[in-house]
Every structure is written in C-alpha cells, then in structure tokens.
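Keep in mind that this is a model prediction, so the values were computed, not measured. Each chain gets a letter, A, B and so on, in the order the sequences are listed, and its residues count up from 1. These values consider heavy atoms only, across backbone and side chains, with no hydrogens, waters or symmetry-generated copies.
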Amino acid sequence: MYTQRKLRTSKRIAPAEPKKKEQAEDTDEDATLNHSPKKKPREVPSKKTFDKSQPDDKDIFNGKTVYFVPVEIPQARRNLLARRVEEFGGKVADELHLGGKTPLDYIVVDDRVALDTICRAMDNNFHDNFEKMLQLLDKASVVRAQWLSQCLLERKIVDDSEANINEFLKNHIRAMANKADQPSRSPLPFSPLRDSSPSRDESYHSDDDRKSYVSNFSDLGDMEDLHDVPGSQGDVDAAKLQKSNFFLSPAGGSRSGTNPNAHIIEQLEEMMKTYRNMGDEFRGYAYARAISAIRKFPDPILGMEQIKQLKNVGPRIASHIVEIVETGHMEKKDGAESNEATKAMNLFVNMHGVGTKTAQKWVQMGYRTLDDLKEKVKLTPEQAVGLKYYDEFQEKMTRREVEEIVRIVEDTVDSIRSGFIFKVCGSYLRGREMCGDVDLLMTHSDGHSHNTILKPLVGKLHEMGFLTDDLWLTEGRHKKYFGVCKLFKEGSKHRRLDIIIPPYNEWATCVLGWSGSMYFVRSIRDYAHKKGMSLTDYSLNINVVRVNGEKVNEGIPLETPTEESIFEALGLPYLRPEERDH
DNA sequence: CGGCAATACTG
DNA sequence: CAGTAT
DNA sequence: GCCG
C-alpha cells in the first residue's frame, strides 16, 4: 500500500499533543486554518514572531555587548540575531579579543556546536593564555543561540542556566592549566590557528559540503526529488551527526531522532495531514514535497541561508521553518490541533470509507466521536468495517506478520493451482520494518490462470476463517480483492489485505505501481507524462496524445517485462524499492 | 495563472 | 456522478 | 503551497 496514506502511518490521534514548551504568546488568531488567499500580503519569512513587539520594553539588552561566534551560525542568522539585539538595546561586537577594552557580556555560540569543539577552538586560539581566558569568562557569559532567541521572543532576559556553558568552559580551562603545569604535558592535538578569527574548526566547513551535496542532484527534472544523497557523502554526515549529538541540549531544543531536522519535519507533517484531511489535497501534496526536500538535507537547518537551497520550499513553508527554528513550534499547527472540529475531522477521516466530504458532513452535524457515529449515522458497508476495526487498522504490523499472512495465501493458491508467482509489494517491499497492510501481487506465466483464481481463492480463505470481512472484489483487467484477514494465532489483529492479480505481461508496471510510495509513483508518472508518455498499473505507453490534459490517443504500450525496463524506457536510473520510500 | 498520477469501485 | 480507495 |  501507499505508506503515507492519510494518518495511517502516523501517530494516533491522541488527545492533545504534549505541549512542547510554554510559550509566552499563544494566540489563536489562526486557530482555524487560513484558506483565504487574502490576509497578509506575503511577509518576509522570519520576523513574524517578533512583529508584535510592545512599544515599551525595547531595550532588554540595555547596552550589553554581544559577540557571535561565527562557527556554524550561518551568516544570515547571525545578521538577523545581531539586528534584533541592536534593536533591543544591545551592542554587537565584531571581534573577540582577550584584552579588549569593550567588555563582552554575552558570547553566543550555535546550539549544535559540540562542547569539545568549543574547547578546542579556545585552546587553539588562546592556547596557554589561561589567565586571560578566565578573566574573559568572568565578565562574559557564553550562551547558546537558542537562549538569545528565547529572550527576543519573550522580550526579556530569560533564565540562561540551561544555555549557559560558562562553568563548563572554566572547568575545562582550569584542567588545561593544570596539565600545562605538569612537566610531561601532552601536546595539543590540534595545531594552533594563527588566524585572527577566533574559531574556525577544521571539521565544520559544512557550507562547502552542502553546496556539493545540492549540486550533486541528478538533473532529472521532477525526478530530482526521488533520488538520494550520493553515498560518498554518508560518512561525513554520520560523523557530524555523532558530534552534534554531543551538544548541550538547549531548552526544548534537542529532538532525538535520526534526522537532523526531525523536529521541523514532525511539525510540517502534522500540517500536511491536517490539510489533506480537510480536503486540501494539493496543499498537502506541496507540504509532502517540501518535507521530502527537508528530509534529504543532511544538516540541521538554522536559517534562510539553508532554506533557500531547498527545492519545493517556497515563502510560506520557509516562514514556518523559520518559526520552528526560532521558537520550537508552529502556531498554525498548534492552533489547528487544539481545534475541536479539526480533531474530529482527523478522527473520522482515518476510518476506512470515510473521506473529507463525509467527515465534514458529520462534523457539521455535530458529531465528534466514534460512538456518535455508531449510534446516529447510517454507515456504508465499507465504513461499517472501517469502524469495527478502527483501532486495529491504525496499528501496523511487523514484517514477520506480513510474511505469515502471505504464507497462508500462497499455500492456499498452490492448493488450487500451481505455478503462480507472488510478490509482496507496498511498504513491505520498500523494506519498512512496520507495515500498515499487505499488498500481495500474484500472476501466472501461462497467461490465463490469473483470470480464474481469485474467486475460488477468496472462497477458500473464507472457509478457512482466515478472511473476516470483504471490502470488495472485482474482475476487471486486474483482478483485485480488498478485504480483512486475521491470523489464527491467539491475539492476532485484523489486518487489511489486498490481493492483486494482473496478467503476466503487465506484471512489472503493476508491481511498480503497487510498490509506492505514493509520492514516488506520482512523481515517476508525472515524469512520464512530461515526456509524452503515460505510466499506469497496466502499461507504459509512448506517443500519448493529450489535448487539454485529456488523453486523446492512448499511445503505444511498451514491453516492460521488468521494473528495470520501465526505468530504462523512461531514461531514468533504476531505483530499488527501498530507494522509493518517499 | 493552471496543474498537481492515474485508475477502479460503490451507491 | 461524487466520493473514496489504491 | 509550489512550480513553470
């Protein structure tokens, strides 16, 4: 199946997400999603959260001097923060020297620079000048950028204990000083930088890495976003990730997870689902493409510098990213989530057989819970099944369980007729550890057995008690069964099972179509479309003639015995199923 | 601005 | 046909 | 909501 299907793959529609962090302002100006194109003209992404400044407390920094350590704080973000600091009554120093006459009050380091990197940078630049370093640290606080954002947001100097790494650095210096006193002192592991810039650690020239990464995308038009990072990049990124795992977690800042932008992705995904559930399919699709671009970005996104490099991220989503980076949350999303109607929509739309229209209708009629439906609504047969197994269908199963289910079907098929070939597609084929349903494709090389197997098969599976409910069964060009099954084992859950039986010569296109992900399939079909071709579950056609988007001439179907041959005919490099998991 | 994958089933 | 499904 |  298509993994991204609705909320199926997501967390449950839990009552109210855990609040990230109490935020000073929790306006619900946008409590309901804003569909109207009017409203604000098109703001420059970023300052949104600061715009509503009160006239009074403008000089929260009160003449204090701030220095930004350039390492890993992108130029753009540094400038932005600097401007804000000055706006709020602070001064920005552009150099860091030990005996400076202008005493520094705050030294701001990036949130994700590892402590040991900071130490090394200090050692390299001020090596052995322990005295002065300690003096500097007596006057100035070394803080994380996150803290500064928080201050700007709340318009006051907030508690910096979590972001303040002074004590840590002092201890480090004392330790180094002690070592230096000892006769057999080990040499510094890094050659001191004579460079006047205080800290440019050799392992953090990430800007360059990024450019090469971005320019490394293959030139495939819309297929671009289907390709992964070139492998050679992997090691570097892995090393970086490990390092940044080390960082002092700024308040509410660190999100564990394998992707450096997991935090951003999570929030945008919520928005995507909400939009889709509300029926704004294409807005949701736009979010999906943006998220895909972010997911592939190897480094933490900190500012416009990086956002601008992301394909499919325009001004609107960019501003959301900035908001998330700066404040850790997204007002629009929070607003939607706390909206009764939205919650009910999410609940209803997750039921098989219920889409946005029906959900909308029910919400409008005042229904909010599944119990409401049970009592007051006439359900279609499909919806009745959906409701009956609502909770079970939200859960995913292990690959192992998929295999057990498939085994039963295969054995049953073989007991009817031998020679069928099988392939489990969907998220299973893409290698997912957990699968939402089972998409089993089968066919027969004799070119005719596929026509007659389905009904007897389903009959037998019912007799066995393996199938518990049917959604539908059709005998079109591709025979399909959509239903519900349950393993006999104690404690097994009801699972969605789709059996698809194409003729032998349409096997490859069918497998490709049923392997997903949904976004991959849409992208590759879009690509085919743009090349004057047409790709469906049935075939890849060339010389398709379309007038106003409508197919006028079907074109000529190509022989595509394998998935590879489909990519080849499209002029695309082959992607294994695991590489189509977008 | 228009287009955004391409089909099949239900009622 | 609209709505939902993949 | 983004792209051409």
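- With no hydrogens or angles considered, no side-chain donor-acceptor pair links A:D446 and A:Y504 at under 3.5 Å.
- Rounded to whole Å, atom C1' of C:dT6 lies 18 Å from atom NZ of A:K479.
- Taking the ring centroids of A:Y285 and A:Y275, they lie at or beyond the 6.0 Å cut-off.
- Applying the salt bridge (charged side-chain N to carboxylate O under 4.0 Å, His left out) definition to pairs two or more places apart or across chains, those involving residues 549-574 of chain A are A:E563-A:R580.
- The side chain of A:T356 places no N or O atom within less than 4.0 Å of a non-bridging phosphate oxygen (OP1 or OP2) of C:dG3.
- Nucleotide C:dT6 holds its P atom 21 Å from the CD1 atom of A:I524, rounded to whole Å.
- Rounded to a whole Å, the CG atom of A:L512 is 15 Å from the C1' atom of B:dT7.
- Atom-to-atom, CZ of A:F348 to P of C:dG3 comes out at 18 Å; the value is rounded to the nearest Å.
- Atom P of nucleotide C:dA5 and atom CG of A:D537 are separated by 17 Å, given to the nearest angstrom.
- OP1 or OP2 of B:dA5 sits under 4.0 Å from a side-chain N or O of A:Y285.
- Salt-bridge formation is not detected for the pair A:D526/A:R522: no Lys NZ or Arg NE/NH1/NH2 atom is positioned less than 4.0 Å from an Asp or Glu carboxylate oxygen.
- For A:T358, the listed nucleotide lying nearest its side chain is C:dG3; candidates were C:dT6, B:dT7, C:dG3.
- Between the P atoms of D:dC2 and B:dT7, the separation comes to 29 Å (whole Å).
- The distance between atom CH2 of A:W514 and atom P of B:dA5, rounded to the nearest whole Å, is 18 Å.
- Checked against C:dT6, B:dC9, C:dT4, the side chain of A:R496 finds its nearest nucleotide in C:dT6.
- With respect to the salt-bridge test (charged N to carboxylate O, under 4.0 angstrom), the residues A:E410 and A:R407 do not qualify.
- Side-chain atoms of A:D526 lie closest to B:dA5 of the nucleotides B:dC9, B:dA5, C:dT6.
- Residue A:Y538 has a polar side-chain atom (N or O) positioned under 4.0 Å from OP1 or OP2 of B:dA8.
- Residue A:R477 places none of its side-chain N or O atoms closer than 4.0 Å to OP1 or OP2 of B:dA8.
- Nucleotides C:dA5 and B:dC4 have their P atoms positioned 22 Å apart, rounded to a whole Å.
- Residue A:H529 is in sugar-phosphate contact alone, with no base atom involved, counting any heavy-atom pair closer than 4.0 Å across all strands shown.
- In this structure, A:I500 reaches neither bases nor backbone, as no heavy-atom distance under 4.0 Å exists between it and the strands shown.
- In this model, no donor atom of one side chain and acceptor atom of the other lie less than 3.5 Å apart for A:D371 and A:T369.
- Take the nearest nucleotide of DNA chain B for A:G476 and for A:M533: the residue whose nucleotide is more 5' is A:M533.
- Contact annotation: A:R525 side-chain N/O to B:dA5 OP1/OP2 distance is not under 4.0 Å.
- Nucleic acid contact class of A:T380 (heavy atoms, under 4.0 Å, all strands): none.
- With A:M345 as the fixed residue, the side chain to side chain contact (heavy atoms under 4.5 Å, CB included) test singles out one of A:V354, A:V363, A:N350: A:V363.
- In this structure, A:I294 atom CD1 and D:dC2 atom P are separated by 10 Å, rounded to whole Å.
- At a cut-off of 3.5 Å, with distance as the only test, a side-chain donor of A:D334 or A:H329 sits close to an acceptor on the other residue.
- In this entry the distance linking CE of A:M271 with P of D:dC2 reads 12 Å, nearest Å.
- Non-hydrogen atoms lying under 4.0 Å from DNA chain B are contributed by A:R546, A:K551, all within residues 540-564 of chain A.
- Residue A:F282 is classed as a base contact, given a heavy-atom separation below 4.0 Å to a base.
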